[in-house]
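Residues take their numbers from the sequence shown, with the count starting at 1.
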Amino acid sequence: TYVVLAPEHPLVSQLIKGRQQEAAVQAFIEKTAKLSKSLRMSGDDRKDGIFTGSYAINPVNGSQIPIWVGDYVLMDYGTGAIMAVPTHDQRDFLFAREHNLPMIVVIEDPKNPGIKPDDMREAFADEGRLVNSGQFVGISNVEAKQKISEWMSTNGMGQSTVQWRLRDWLISRQRYWGAPIPMIYCDSCGIVSVPEKDLPIELPKNVQITGEGGSPLAKCEEFVNVSCPKCQGKARRETDTMATFFDSSWYFLRFCSAHNDQEVFNKEEAKYWMTVDQYIGGIEHAILHLLYSRFFTKFFKDLGLIAFDEPFDRLLTQGMVLKDGEVMSKSRGNTVDPDEVLKEYGADTLRLFILFAAPPEDQLEWNSNGLEGAWKFLNRIYNMTDVRFDVQTGLKSVEVAELTKEDKSLEFERNKAIKNVTQSFEEGFKFNTAISSVMILANAVDKYKGTNAALINKTIETIILLLSPITPHLCEELFERMGLKQSVAKALWPAYSEDALKQDTITIVAQVNGKVRGQFDVAANSTETDLRAMILSDDRIKAYIDGKEIKKFIVVPNKLVSIVV
């Protein structure tokens, strides 16, 4: 429904020349030039762009479509120009939503047949059958790619090509620090590799770092001047060193045999340790570094040194930290000094704030109020331990048979928190939901008016254990204040009981036309018949339904009853 060009595309200057949009588009191009490639390719919600004032003709249906310039299109990937299909490509989808551009569903989602673009929350990028596609309606999109390509080729509209993302890679740098490139230049023999017996090449220690440009090694004559390994005549070393990217593309394999001086790594040790279960890195690693790591892994497999061709099982890409809506940087003057934060609040407060503010893969907007809130919460946990933990009672098992109704409620919240936090950690690094679950448990302790010291102690211990991966320093100190000799880092992770999560009675909310009109203590898993009889006979509810027709009586099990009159 529209075309997007990269800001660097040579056609842009022609399309905007003499148009009223020329100055604005030029300003946009200059602004985009200051952004890093990784930021432009990031998955954030905002996709910036500007209309050129020009239009293209869609060759398939002859319709006139607008030509835009967008920051998410790169000149060195593909042709630097894309035909946007916003309902089936997520970045096109975000761009279209941002700039109110037309959207047409052309691949039907089998789970949501007939869905309209306005009702879509994200692009549908899976397999389905074509709709709104002329003679290709009803064909699967996988089959349609080939058929449409052939049809366009036959009609002179285009042709199929393969686009490779892997480009030539310049690995050399004009630096002192780096692995020397083992090549020698001889006027008679040409380029000669350093013999294996002379490896590794060690960097000289008397190099002067002048900052005058070029490799510092080139000015060190005793390093540069050598004999040619072939003819023994005068020759010179390569003075560039390898980029650190080269080392970081296979370091995970070297880690398996860090002290091996006979081979690159031991096959059996690599087989034992690899592959990497979880890789965590910033967005700047998400393209080239990971691409090269995969390339090296496949290379080592071809050599027979390993049996796998993918190095990492799972990837978590961390989001960027923003301040005032922009990525923190010295040039923007919007950085936060971590030393000042640590001095005032401590490391644990900073950790809690960052992990609670947003999921790790999302962008985080820096907020000093959130930092203050995290500090107050940790102080609350400290005071709770000091005041309510009974050191004399210590940690005893909680006797289920002796629990009162109020005790059972707290024990339910304790087990619920353990289950929720454990799942949050294991099922995708959902640290913010884990912290939220601990906060709910802390609220339950504050509300608890019972006298079961063993239960209170066990609940406070649970809070500290659940928080310990997030705020280790505070939790270590609190463990000691509780009279426990063991380090919190060595304590067993708490287990939850499914029996404790089965409640005899629960509190549900009753709404009338969307407004809460009462709360009811009912038996867990009450049927709709039981709830209807109880709620409709209650005087609080009668006041809002008497004389009116009940159109709907909706039950959300164990949570809510919604009455529509």
- [ ] Keeping the roles fixed (side chain from D530, backbone from S526), state whether a donor-acceptor pair exists under 3.5 Å.
- [x] no
Task: Heavy-atom pair with the smallest gap, counting every atom of I470 and R351 - done: O-NE, 2.8 Å
Task: From CA spacing to verdict: side-chain hydrogen bond (donor to acceptor under 3.5 Å, both in side chains), D521, T507 - done: CA-CA 4 Å; D521 291 330; T507 301; 2.7 Å; yes
- [ ] Could you pull out the closest heavy-atom pair between I563 and I545, with the gap in Å?
- [x] CG2-CG2, 4.4 Å
Open item on the list: Counting C-beta onward and ignoring hydrogens, is there a side-chain heavy-atom pair between Q511 and R517 closer than 4.5 Å?
Closed with: no
- [ ] Over 60° means perpendicular and under 30° means parallel, so classify the ring planes of W375 and Y345, tilted if in between.
- [x] perpendicular
Task: T87 vs F124, side-chain contact (heavy atoms from CB on, under 4.5 Å): CA-CA, chis, key distance, verdict - done: CA-CA 6 Å; T87 51; F124 174 68; over 6 Å; no
Open item on the list: Between E108 (side chain only) and G128 (backbone N and O only), is there a donor and an acceptor less than 3.5 Å apart?
Closed with: no
- [ ] Check whether any side-chain N or O of N112 sits under 3.5 Å from a backbone N or O of I115 as a donor-acceptor pair, and report yes or no.
- [x] no
TODO: Return the minimal non-hydrogen interatomic distance between K147 and E143, and the atom names on each side.
DONE: CE-OE2, 2.8 Å
Task: Ring centres under 6.0 angstrom apart (Y72, F95) - done: yes
Open item on the list: For F295 together with W250, are the ring centres under 6.0 Å from each other?
Closed with: no
Open item on the list: When you compare the side chains of S54 and R19, does any donor N or O come within less than 3.5 Å of an acceptor on the partner?
Closed with: yes
TODO: Please confirm whether the backbone N or O of V105 pairs with a side-chain atom of N132, one donor and one acceptor, at under 3.5 Å?
DONE: yes
Task: Non-hydrogen atoms of T52 and W68 that approach each other most closely - done: CG2-C, 4.2 Å
Open item on the list: Check for me whether R540 meets the cation-pi criterion with F520, that is, NZ or CZ under 6.0 Å from the six-membered ring centre and within 45 degrees of the ring axis.
Closed with: yes
- [ ] Evaluate the criterion side-chain contact (heavy atoms from CB on, under 4.5 Å) for residue pair I82 and D89; output intermediate values, then yes/no.
- [x] CA-CA 11 Å; I82 64 166; D89 178 275; over 6 Å; no
Open item on the list: Does R97, at its CZ atom, have more than 12 non-hydrogen atoms belonging to other residues, nucleotides or ligands within less than 6.0 Å?
Closed with: yes
TODO: Would you tell me whether T422 and W493 have side-chain atoms, one donor and one acceptor, within less than 3.5 Å of each other?
DONE: yes
TODO: Look only at the side chain of S133 and the backbone of L130, and say whether a donor-acceptor pair between them is shorter than 3.5 Å.
DONE: no
Open item on the list: Between P472 and D348, is there a side-chain heavy-atom distance shorter than 4.5 Å?
Closed with: yes
Open item on the list: If only side-chain N and O atoms count, and only distance matters, is there a donor-acceptor pair under 3.5 Å linking D71 with T32?
Closed with: no
Open item on the list: Whether the side chain of H9 engages the backbone of M75 through a donor-acceptor N/O pair (distance < 3.5 Å, no angle test) should be reported.
Closed with: no
Task: Distance-only side-chain donor-acceptor flag, S424 / T433, under 3.5 Å - done: yes
Open item on the list: Does this structure show an ion pair linking E365 with K323, if we count only N-O contacts that are shorter than 4.0 Å?
Closed with: no
Task: Enclosure of K145 NZ (heavy-atom neighbours >12, cutoff 6.0 Å) - done: no
Task: Side-chain ion pair, E22 and K17, N-O less than 4.0 Å - done: no
TODO: Indicate yes or no: does D446 engage R380 in a salt bridge with an N to O separation below 4.0 Å.
DONE: yes
TODO: Indicate the ring-plane relationship of F296 and F299, choosing parallel, tilted or perpendicular according to the 30° and 60° boundaries.
DONE: perpendicular
Task: Parallel, tilted or perpendicular, as decided by the 30° and 60° cut-offs, for the rings of F245 and Y292 - done: perpendicular
Open item on the list: Is it the case that the ring center of Y279 lies less than 6.0 angstrom away from the ring center of F252?
Closed with: no
Open item on the list: Between F136 and W151 (judged by ring centroids, cut-off 6.0 Å), do the two rings come close enough to count as a pair?
Closed with: yes
Open item on the list: To the nearest 0.5 Å, what is the distance between NZ on K416 and CG on L501?
Closed with: 9.0 Å
Task: SB check K31 D48 (cutoff 4.0 Å) - done: yes
TODO: Working to the nearest 0.5 Å, report the span between CD of E310 and NZ of K301.
DONE: 9.5 Å
TODO: Salt-bridge test for E426 and R314: reply yes if a basic N is under 4.0 Å from a carboxylate O, no otherwise.
DONE: no
- [ ] Could you tell me whether the side chains of D499 and S497 share a donor-acceptor contact shorter than 3.5 Å?
- [x] no
- [ ] Examine Y55 together with F51 and report whether their ring centres are nearer than 6.0 Å.
- [x] yes
TODO: Using atom types as modelled and distance alone, determine if a side-chain donor or acceptor of D313 lies under 3.5 Å from a backbone N or O of Q278.
DONE: no
Open item on the list: Does R40 form a salt bridge (Lys or Arg N to Asp or Glu O under 4.0 Å) with E8? I'd like the steps, not just the answer.
Closed with: CA-CA 13 Å; R40 286 175 61 182; E8 304 88 353; 2.6 Å; yes
TODO: Take R414 and T462 through the test side-chain hydrogen bond (donor to acceptor under 3.5 Å, both in side chains) and record every step on the way to the result.
DONE: CA-CA 7 Å; R414 188 181 76 84; T462 297; 3.0 Å; yes
